[in-house]
Novice: 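Here you go, one structure.
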Protein chains: 2
Amino acid sequence: MSAEKISSPKKQIYKPGKIKGFPEWLPEERLVEQKWLDHIRRIFESYGFTSIETPAVEELNVLLAKGETDKEIYTLTRLQQSEEENSETRLGLHFDQTVPFARYTAQHFNDLTFPFKRYQMQKVWRGERPQLGRMREFLQCDIDVINVDHLPLHFDAEMAAIIYEILCGLEIGRVQLRISNRKILLGLMESLSIESSDTITHIFRQIDKLDKLGAVQVHKNIVELLSFNEEEAIKKARLILYFSCEFSGNFDTLLDEITNDELIDSSNKLLQDGLDELGQVLFSLAHLPEGSVIADLSIVRGLDYYTGTVYETRLLDIPEFTGSVCSGGRYDDLAGTFINKHLPGVGISIGFTRLFDVLRHHGYIKTGAKTPTDILVVLADEAHRPLAMETARSLRAQGYNVETYHAPQKISRQLSYAEKKGIPYVWFPELGEVKNMTTGEQSKAEVERWTKS
Amino acid sequence: MSAEKISSPKKQIYKPGKIKGFPEWLPEERLVEQKWLDHIRRIFESYGFTSIETPAVEELNVLLAKGETDKEIYTLTRLQQSEEENSETRLGLHFDQTVPFARYTAQHFNDLTFPFKRYQMQKVWRGERPQLGRMREFLQCDIDVINVDHLPLHFDAEMAAIIYEILCGLEIGRVQLRISNRKILLGLMESLSIESSDTITHIFRQIDKLDKLGAVQVHKNIVELLSFNEEEAIKKARLILYFSCEFSGNFDTLLDEITNDELIDSSNKLLQDGLDELGQVLFSLAHLPEGSVIADLSIVRGLDYYTGTVYETRLLDIPEFTGSVCSGGRYDDLAGTFINKHLPGVGISIGFTRLFDVLRHHGYIKTGAKTPTDILVVLADEAHRPLAMETARSLRAQGYNVETYHAPQKISRQLSYAEKKGIPYVWFPELGEVKNMTTGEQSKAEVERWTKS
């Protein structure tokens, strides 16, 4: 929408347009968003993660330290900047929370206790072309654990448990965690003597297209990539495909396959480590419901970054939400650009705004009240104002969110206000009664003893 | 601090400087900040205020709609902006939450229910010269109630009660609310036949300097401003000064003064309305402790904006914090620039970051733990891992924040981790015991029955 000038007899009105890619919710939607964010924060904290917030901006040099110019950075300029100030450090809005977290860790290294478990729930900005589920301003919910030199595998399993608990608690249907370990496919390549990094990249691209192209076509394409000996290539491609499948429970058959296959060097350390680590992570998650965690060796995203465990998450009951709700994995070094320390970590990121916006768009989010108010206290007439105010104060002291109606208007009008805002209870202090707005039932109640039903 | 390059045998390190005016807290400081923000949100909601969030940016035209160029706006530019995109709407970071709230209300007018009670806790940005308590990025906590055409005085009292409850709950000593009504001084001017707006402005400036100059000097200066008749001027200046005093409880003497003074037109409507409204607001706050609310007729700030009740707040036990922690008042029209509706409102704003930063700087904020974790579950050895994990899960289900130690290291090392992070309890699942890290006491405990002491 473009802005337009509307002339009125009284005054000039400037009617601003909506800014594409910068979402904004109505109060009833915001209440659901807050409930979700509170839930996410509660689970993060229940595992001992602590909050940090970084400024919206970083030095442009920091944002570009890894050469990430594809992220469409917004830079800042002061509207009234004078010439002498042109020498000020150039600032840009952060495009993710990983770069700021790395900078934070490097800058405050001596004040942090390791392993450092942090969560971060902030807006990030990218000047990309907006569309459904792709915003220019969006909220990310990230957790990471980092440690100096060595990070136990313990945390790889913890990440998965946290994400599962969070997504289940949002009540958006069945959730499926898909886990792999980067070392397995890399080790498989080594053990099959596929050494050209070009060939490996191409094979991984094929694996990534499994869903689209199907196994037969991908197999054919991989055979073509491994052109040195057709018979061997067919077998190797078959193995690669086998390793790119989903495993749920029958992980052992994969191990047998490796040990028995003449083509694989089953003593390959990378491969063995990968399988061992993935096995341990899956074992730690055995208490979760069947089918909620699967090994999916075909996860090849973020190959340049992740070095061990990798995660993706699917919403099984929301077909409109394609791809992964939240992804992450283990990386070898967080902040090497900014500090001369070796800081391996494991982390996962929930693309919150994308999730919320897509689900909202497709009607999966049921909004209710327009206010957090539990009880509206009726103001019958001016004479009862002190009683109404006192009643409201007492109910607040019991932990309820309470409004006193603001003027001694007709009761029907006060009830209508409660109804429009979705306030579930209306209290009549002069009668000592409370009305349940859902059932319509009105009954005697005492402030100190009453509880929400 | 400026950035510097450090060369290392291994790799090039880029050591970023701190960006002035963009505060960032350590985990233990952030935990206190979160506690404060949670408290503020809880009180806002307990009075039925609902959250909204607006994007970080607005159209530059919206930000400049009232000609507020003195607010040092940051504008945005895409780093990779192509020439064809130069026609994109110019965007700037919001410098307060009032302009975005006005734009939001105008844009979503038909979806809102009035009176609309909203709170907003977001960062705002101003490119000002940074110093202690003045940041370029800071958090504001604002509440406003707006209504169509008419807003009952009920809300003027509610604002004051909310702010008092919030500031008391932060445990930063005695809090004093100072309230006035803009109509009183304006009505006094009218009733003393002081009509030149220039003279009125100068008189108000003198009143604003009362603290600095003292009553004798201010009286002299006002007499000079009212030069038409010295004897009368002296009397009028005396009256103006009398009206600029603080009243706590003895508000009636002021009313007597008005009725009895020959110089004042005591039937002046503006004056009477102002006194009446202020009286009603003070009456509604009579339940608050003595001395916590006073009438201070000398509040003259924001004269161009506020039209009725005005608030300021002082921290009586924190001499280093000068001026008002949070200020606000009643205004005649929120969004007249953006919509052809008359929307009077009353609101108040807590300059959160300024408060937090100044108190932190002067040592009033006691930091404690570096993590929200309540309990660390010891991992005695690998064999006990399933028990440790199971114990942690059960304690989490009881509502506690729980970490399982990540590796079967020496117990002393695990205890030291808890101590460094300030975790108050350490649980030994294989012993069925819990250690209180503050008292050092270790005792038998069962997961289902244990409670924090």
Side-chain angles (χ1 to χ4, degrees), chain A residues 3 8 11 13-16 19 22 24 26-27 30-31 34 45-48 50-57 59 61-62 65 72-80 89 91 103 108 111 113 115 123 127 137 152 154-155 336-340 370-373 396 401-403 406-407 420-421, chain B residues 3 8 11 13-16 19 22 24 26-27 30-31 34 45-48 50-57 59 61-62 65 72-80 89 91 103 108 111 113 115 123 127 137 152 154-155 336-340 370-373 396 401-403 406-407 420-421:
Chain A
S8 94
K11 50 193 172 184
I13 305 280
Y14 176 76
K15 205 177 167 193
I19 307 173
F22 289 81
E24 178 170 85
L26 290 173
R30 170 69 182 153
L31 276 161
Q34 278 185 304
E45 292 184 352
S46 78
Y47 282 83
T50 195
S51 168
I52 70 163
E53 279 202 347
T54 64
V57 303
E59 284 182 18
N61 283 339
V62 168
E72 286 281 7
I73 295 168
Y74 278 114
T75 60
L76 262 57
T77 314
R78 286 170 53 206
L79 194 61
Q80 297 173 318
T89 311
L91 303 177
R103 194 266 312 142
H108 303 289
D111 291 312
T113 307
K123 302 268 172 69
E137 174 179 75
H154 168 86
F155 295 112
T337 331
F338 306 124
I339 192 171
N340 203 354
K370 294 181 170 203
T371 168
T373 306
R396 256 177 229 123
N401 298 334
V402 187
E403 285 183 58
H406 46 272
K420 270 191 216 152
K421 287 210 171 173
Chain B
S8 93
K11 51 192 172 184
I13 305 281
Y14 176 77
K15 206 179 166 191
I19 306 174
F22 289 81
E24 178 170 87
L26 290 172
R30 170 70 182 152
L31 276 161
Q34 279 186 303
E45 292 183 353
S46 79
Y47 282 83
T50 196
S51 168
I52 70 163
E53 279 202 348
T54 64
V57 303
E59 286 182 16
N61 283 340
V62 168
E72 286 282 7
I73 295 167
Y74 279 114
T75 60
L76 261 57
T77 314
R78 286 170 53 206
L79 194 60
Q80 298 173 320
T89 311
L91 302 177
R103 195 265 313 142
H108 303 289
D111 291 313
T113 306
K123 303 267 171 71
E137 175 180 74
H154 169 84
F155 295 112
T337 330
F338 307 124
I339 191 169
N340 203 355
K370 294 181 170 202
T371 167
T373 306
R396 256 177 230 124
N401 298 334
V402 187
E403 285 183 60
H406 46 273
K420 270 190 216 155
K421 287 210 171 173

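No experiment lies behind these values; they were computed from the predicted model shown. Sequence lines set the chain letters: A, B, ... in the order given, protein chains first and strands last, and positions in each chain run from 1.
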Novice: Is B:Pro27 close to chain A through its backbone or its side chain, or both, or neither, when contacts mean heavy atoms under 4.5 Å?
Specialist: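 Answer is both: backbone and side chain atoms of B:Pro27 are under 4.5 Å from chain A.
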Novice: Using non-hydrogen atoms only, which part of A:Glu137 is less than 4.5 Å away from chain B: side chain, backbone, both, or neither?
Specialist: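 The side chain, not the backbone.
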Novice: Please step through side chain to side chain contact (heavy atoms under 4.5 Å, CB included) for the pair B:Leu76 and A:Leu76, ending with a clear verdict.
Specialist: CA-CA 5 Å; B:Leu76 261 57; A:Leu76 262 57; 4.0 Å; yes
Novice: As a quick check of understanding, evaluate side chain to side chain contact (heavy atoms under 4.5 Å, CB included) for B:Leu91 and A:Phe22, giving each step before the final call.
Specialist: CA-CA 11 Å; B:Leu91 302 177; A:Phe22 289 81; 4.0 Å; yes
Novice: Just to verify, what does B:Thr371 make a side chain to side chain donor-acceptor pair (under 3.5 Å) with, not counting sequence neighbours?
Specialist: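 Testing B:Thr371 for side chain to side chain donor-acceptor pair (under 3.5 Å), a comparison that skips the adjacent residues, returns B:Thr373.
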Novice: If I measure from the heavy atoms of chain B, does A:Lys123 come under 4.5 Å with its side chain, its backbone, both, or neither?
Specialist: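 For A:Lys123, side-chain heavy atoms alone lie under 4.5 Å from chain B.
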Novice: Please report the interatomic distance CD(A:Glu72) to CG(B:Leu79), rounded to the nearest 0.5 Å.
Specialist: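 Spacing of CD (A:Glu72) from CG (B:Leu79) equals 8.5 Å.
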Novice: Any side-chain to backbone donor/acceptor pair from A:Lys370 onto B:Thr50? Under 3.5 Å, distance only.
Specialist: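 No, the answer is negative, given that no donor and acceptor are paired below the 3.5 Å cut-off.
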Novice: Which bit of A:Phe155 is near chain B, if near means a heavy-atom gap under 4.5 Å: side chain, backbone, both or neither?
Specialist: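 Side chain of A:Phe155 only, per the 4.5 Å heavy-atom cut-off to chain B.
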Novice: By a 4.5 Å heavy-atom criterion (distance strictly below it), what part of B:Leu31 contacts chain A: side chain, backbone, both, or neither?
Specialist: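 The side chain, not the backbone.
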Novice: Tell me, side chain or backbone of B:Ile19 under 4.5 Å from chain A's heavy atoms, or both, or neither?
Specialist: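 The answer is the side chain of B:Ile19.
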Novice: With sequence neighbours excluded, what pairs up with A:Arg30 under the salt bridge (Lys or Arg N to Asp or Glu O under 4.0 Å) test?
Specialist: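 Here the qualifying residues are A:Glu33, B:Glu53.
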Novice: Roughly how far, to the nearest 0.5 Å, is OG1 of B:Thr77 from OH of A:Tyr74?
Specialist: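 It comes to 10.0 Å.
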